[in-house]
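In what follows, a structure is listed as structure tokens, so that the remarks can point back to it.
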Amino acid sequence: MESLRILLLMAFRSLGGHKIKGLIVGSLLAFGTFLFVLGTTLLESVERAMEASITRSITGHIQLVSARAVDRLTFFGPEASSDQDIGVLPDFSRVREVASKIPGVAAVIPMGRYYGQPILNTELDEAIEALEEAFAEGDPAVIEDRIGKVRRMAARLKEDYLRAAALAADDEEHEKAIAALDRVTSEEFWTSLRHAPEEGLQFLAFEIAKLSDDESMLYLPFIGTDLHRYAESFVHFEMVEGEMPPPGTRGILISQAAYDQFFKNRPARVLDLLHEAKTLDGRRIADDAALQDLVSRLKEMTAQVTMHLSPRAATELDAKLRERFPKVEGDLDARLAAFFEVDDENFAERYEFFQKEVVPHIPLYRVPVGGTFTLRSMTKSGYPKAVNVRLWGTFRFKSLERSELASAYSLIDLASFRDLLGLMTAEKRRELDSIREEVEVSEIDPNDVEAFLFGEAPVIEEGGEADLDLDARLAALDRPTDEDSDTFDPAEIEKGTILHAAVVLHDPGKLREVMARLQEAFDREGLEVKPLAWSEVTGIIGQLVVVLRAVLYVLIGIIFVVALVIINNSMVMATMDRIGEIGTMRAIGARRGFVLALFLLETLVLGFFASALGALAASALLALLGQTGIHTHQPFLIFLFGGTALYPAIDLANVVWSFAVIVVISVISTFYPARLAARVPPVVAMQGKE
Amino acid sequence: MSTVRTRLAAIALVLLFASPAAALTDEEALELIKLQDERQNSVGDYKALVFIEQKERNKNDQVYEALVYRRDVTDKMVILFVRPKEEAGKGYLRVDKNLFFYDPTVGKWERRTERDRIGGTTSRRQDFDRSRLAENFNVKWLGEEKLGKLDTHKLELRAKPGADVAFPVVHLWIDKATNNLLKRQEFALSGRLMRTTFLPKWFTVKNSQGKDVWVPREQRIFDEVEKGNQTTVVIRQVELQPLDDSYFTKAWLEARSR
């Protein structure tokens, strides 16, 4: 004990005597510790937040897939947009039955991720439909209003066709289109339409509507699921607009971000983007090339406002814009283009004007909540499948509203999803079996087809199957009724085929334990199902944390290696300096072990204080950040942070770890010079020789 | 009928005087594929009830029942799905060498290519259409081969320039005893094998002129690219009465689902 006291005193005295060396080495160790504690704590906070983002919104804690899956199920990143061969789970009810018996499992939700193309009515389609309705209702003012709208659109369409005709080699279809448009842009057409609407409306619907083809190649990624169970099980889920479809009703819920991005009127959307960039991100149009580009595109979008305005609304808006831009020549479009020339000074006021004076007069979304549209997907073999779905509402994941990743998927009912992918339900299976039963087709072994089929000379029969009435088959053609298309038997959801399923746990800490139990139970029941942890299905996002962690560790590693070399060098030099002192100690009876211990203790003391300082500084910073939060408006960071702010929490384990690492580094770096010092023979030291 | 007889006699004569393993000249090979075309040529209109079953690895099976209408003189064709309910009313229309697909849910027509997989199966439009081998391909005899217990001629067909075919190179195995087509393999231009089809069962139907029209009762199609995928096409019944012109219009197909 006494010698430890002496050792400590000597160590402090020695440190005091070599201040510069102590400062350099100490700073390095302190910085290393600071980075270690700060980095690992931040990374762990991000990891926890991201886990919450993902598991509480989309994947659940565990995903169940077919054990025969060829590809890995992936929700995000480039792999998610390619076709994944993940097989199928033929009977969800069995999977759910087995999985929900495992302790710790809170919910099992059927799923399937895919993408489809919304086939939307063109704006002209809608204007013609509105005109038909106006004639049905018979209000002359409304009829004139809507005639004006269709005429304006037809005139624009004709301009487009004439422009295209001037550029391209003309063909017959083109000429026909221009002739049809000539007719509807003439005064006679509208005069006769007012007197006898029937023929004219039919001409508009059959011949003109098809000429406007603004189908954009928009693909909507979606998850087919039991919507109610999804809403209950994923705590981040919340409706924004509309309502949940009643149980057993088909429908789609679109994420609010996707709804705004793909379905919103484009100029209104661009104004929103500018508004967000300015108010949330503090960006300025004057010094932001991306925002300037948006403004210049905005100026070309006037038609997407004016074509929707009724003549009355157009006149009113024009009057207001004339007051603002008295010098601008031309029509409403020219004045609106001037209005759209926004800058940092006028933006807020113009944005407000647009919301107040324009938005109420245009359809803000291409499909309103409550409306129906056709969603079409291609099967892997390129066969198109389509369903008509009602848009019941929009949703978002709490605190992840601005994250594009979290908003990537929309949600569709499982019955429509199965229709789009051609997946089986018990009812469909029965129907296919009944078709199959009529035809005798023998199973053949694909490896021995020729021997099986050509074992004997084939008999050429006369006539096909008897008693088949082909015309009766045609007459019996039976399309699904409207009732079939809108509703389904909720029990069917349970029994049919799905692609994968999400498992939500009561305690995410028991993930590995539950996964092992699930695997055991599936094996025991003979189900070919494989559980995957959430981190395994997140693709590039899951790997990101691993990469960040690796970068941090490499960085810390480099700092510590540098510290190690510097400590080692300075200690060797210190040993040389102190050779006389060591010799004297040795001469008055200090053993080698004492010298060794002295040198080690010196570095340990330095390491302790330096890392304590580093850890303290990191903890103070983390405590501050834990209060204020690290704020972001970057969509990707929002996803990583699980919201617009990350509140890191200090983990004592990281502090303890950093101390342990410092001790090891101190010991390693001092060991060689300490041994060198311990080996100095007293007589050499006394002679003042090296 | 008389043309078929003449051809058969010509082929019989060739085979009688030739040694057993003698090669067929290009002309003889051409006669053999012309015989296939003529046997299957219904001359007038054609109506058939077809069963299609698709089996895929790791996927649910798919089964369809469809009606096929053809007017071979003008090269027009309609495939209309009647069952299952979910597919009923969807269909293909081929007019002027263009193939269109109609889905009543979408209510729009879209142009598809010759390579289009009918109903997403391994079958193609040509599997339901009249045989036009001699018109579309040049032919050469490759040799003799045993198929199960049957002796066959193996022929290689290469598409003529501008021919509208799904696959540019085709190998055929034709039964030496009956001149009946038993097996077909189709290749991409690169030489990659795409499909193998077996035609183990045939039946004949008499047309209004009393001619026997040959119909492949069963076609077993194996996808050689997506291994494990297999389609069976069964032509259950064929009627050869004249059809109304309206069948081969977009309006007719649209009206089936209203």
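Within every chain, numbering begins at 1; the chains are lettered A, B, ... in the order of the sequence lines, protein sequences first and strands thereafter.
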Tell me, do [X] and [Y] make a side-chain contact under 4.5 Å, heavy atoms counted?
| X | Y | result |
| --- | --- | --- |
| A:L474 | B:L80 | yes |
| B:M77 | B:F128 | yes |
| B:R195 | B:R184 | yes |
| A:M111 | A:Q63 | yes |
| B:F248 | B:L243 | yes |

If you tally heavy-atom pairs under 4.5 Å against chain A, which of [options] wins?
| options | answer |
| --- | --- |
| B:N229, B:D223, B:L147 | B:L147 |
| B:E226, B:R220, B:K146, B:K90 | B:R220 |
| B:D61, B:V215, B:D175 | B:D61 |

Parallel, tilted or perpendicular: ring planes of B:Y64 versus A:Y383, cut at 30 and 60 degrees: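 The rings of B:Y64 and A:Y383 stand perpendicular, inter-plane angle above 60°.
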Could you label the plane-to-plane angle of the B:Y247 and B:Y69 rings as parallel, tilted or perpendicular, counting under 30° as parallel and over 60° as perpendicular?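 Geometry flag for B:Y69 against B:Y247: tilted rings.
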With a 4.5 Å cut-off on heavy-atom pairs, point out which of [options] contacts chain B the most.
| options | result |
| --- | --- |
| A:G455, A:P384, A:S434, A:G422 | A:P384 |
| A:T497, A:V88, A:I460, A:L470 | A:L470 |
| A:A451, A:S442, A:A476 | A:S442 |
| A:R429, A:E450, A:K385, A:E462 | A:E450 |
| A:T374, A:I86, A:L468, A:D433 | A:L468 |
| A:V441, A:L375, A:I435, A:L432 | A:I435 |

Test: A:K530 cationic atom under 6.0 Å from A:F522 six-membered ring centre, within 45° of axis: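 No, A:K530 does not lie over the aromatic ring of A:F522.
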Taking 4.5 Å as the heavy-atom cut-off, does anything in residues 196-206 of chain B contact chain A, and if so which residues?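 Near chain A, by residue number: B:F198, B:L199, B:P200, B:W202, B:F203, B:T204.
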Please check: side-chain N/O of [X] versus main-chain N/O of [Y], any donor-acceptor pairing under 3.5 Å?
| X | Y | result |
| --- | --- | --- |
| B:T121 | B:T231 | no |
| A:S66 | A:G87 | no |
| A:D413 | A:A415 | yes |
| B:Q185 | B:L172 | no |

Per-residue contact mode, [X] against chain A (heavy atom under 4.5 angstrom):
| X | result |
| --- | --- |
| B:L150 | both |
| B:L182 | both |
| B:R217 | side chain |
| B:V234 | side chain |
| B:N180 | side chain |
| B:E53 | side chain |
| B:F101 | side chain |
| B:A48 | backbone |

I would like to know whether A:S416 and A:D419 meet side-chain hydrogen bond (donor to acceptor under 3.5 Å, both in side chains); could you show each step before the answer? CA-CA 5 Å; A:S416 303; A:D419 284 351; 5.6 Å; no
With only heavy atoms counted, which part of [X] is less than 4.5 Å from chain B, the side chain, the backbone, both or neither?
| X | result |
| --- | --- |
| A:E465 | both |
| A:V449 | side chain |
| A:K428 | side chain |

Criterion side chain to side chain contact (heavy atoms under 4.5 Å, CB included) on B:E224 and B:E186, from CA distance to verdict: CA-CA 9 Å; B:E224 302 286 0; B:E186 285 138 322; over 6 Å; no
Between B:D45 and B:R70, is the closest basic N to carboxylate O distance under 4.0 Å?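 No salt bridge links B:R70 with B:D45.
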Taking ring pair (Phe, Tyr, Trp, His ring centres under 6.0 Å) as the test, write out the residues that go with B:Y102, two or more places apart.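 For B:Y102, the residues satisfying ring pair (Phe, Tyr, Trp, His ring centres under 6.0 Å) (neighbours in sequence not counted) are B:W109.
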